[in-house]
Amino acid sequence: MSDKNSAIGVFDSGLGGLTAIKQLRKILPDEHFIYFGDTGRVPYGTRSFETVIQYAYDDMKFLSGFDIKMAVVACGTVSAVALPSLEKKFDLPIIGAIKPACAAAYSSSANGKIAVFATPATISKKAYESELMKLDASLSVFSVACPMFVPLIEAGYISENCEVTRIIASEYLSKLKGTGADTLILGCTHYPIISGLISSVAAEILGHDIKIIDSGYESALAAKQLLSERNLLNGNSGGSVRFFVSDETQNFKATASIFLGEPTENVTKVSL
Ligand code: DGL
């Protein structure tokens, strides 16, 4: 039986959920986190819905083997494709990435023109678009599938001046030219790892700033709200995080250390 002292399970197809972990650790410093990155099977976003649902089930099953009180699906693709099926199969509160990001984008946009960058699966599911339309049917939404970002980020091409990633970002951002979008949802949790690069290329290509919404950050805020509403916040001080991945740990450790700004040694390889 889980209680306040139980951990929070967080998962993604790979490194992307670190954007949520970074924020969760800041916003909920006294909580214990178990992170699973399915680095052996990343990317999810170019796979069929059926496969994503199966992988999401495996990931949650792995996390359920720990004493967890809630789960954060720190993956836009799984949130778009598999959240209802996870909610049916697992009896614990689950926070997805889409609703919180859409609510933040809606309140941030001054002109109601919102762009979404996400994986091909998320875009073809129209997940962000439908959620934004529920908030306000008069919004204009410009969705762009960005299949190249995840492989680049997983391979560590994340520095702000990385030429290759800048070229790919220009390609995707040029699709927003002339739309007038003032807000951009990074609808895949991998993308905030390169949000500095995306902002700087956006300013060059669009000629104006665009407000960036980080779905990892918004999910972290939503997780805190849910725990506090259910009186499940950990009252003891001193949280922790344990990382599990399904492929070799070296690459994950290296990128995680750069992104989290602290050495990330506590990483174990598991097979599902
Ligand atoms: N980080 C994930 C997402 O938010 C998955 C990316 C992928 O595996 O393609 O969509």
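Values below: all heavy atoms of this structure, side chains included; hydrogens, waters and symmetry mates excluded. In listed order, ligands and their atoms are each counted from 1.
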Check each of Ile123, Val141, Thr122, Ile114 against Tyr128 using the side chain to side chain contact (heavy atoms under 4.5 Å, CB included) test, and report the only one that passes.
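Only match with Tyr128 under side chain to side chain contact (heavy atoms under 4.5 Å, CB included): Thr122.
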
Which residue pairs pass the ring pair (Phe, Tyr, Trp, His ring centres under 6.0 Å) test when at least one of the two sits in residues 157-178, sequence neighbours left out?
Phe149-Tyr172

Could you name the protein residues that come within less than 4.0 Å of ligand 1, counting only heavy atoms, and order them by chain and residue number?
Asp12, Ser13, Val42, Pro43, Tyr44, Gly45, Cys75, Gly76, Thr77, Thr119, Val150, Cys188, Thr189, His190

Looking at Glu248 and Lys269, is there a salt bridge between them, counting it only when a charged N and a carboxylate O are closer than 4.0 Å?
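Salt bridge flag = no for Glu248 with Lys269.
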
Lys/Arg N to Asp/Glu carboxylate O, Lys224 vs Glu31, below 4.0 Å:
no

Please determine whether side-chain hydrogen bond (donor to acceptor under 3.5 Å, both in side chains) holds for the pair Arg166 and Ser200, giving the CA-CA distance in whole Å, both sets of side-chain angles, and the decisive distance to 0.1 Å.
CA-CA 9 Å; Arg166 290 185 79 87; Ser200 108; 2.8 Å; yes

ring-ring contact (aromatic ring centres under 6.0 Å, His included) assessment of Phe244 paired with Phe36
CA-CA 5 Å; Phe244 296 89; Phe36 177 66; 7.9 Å; no

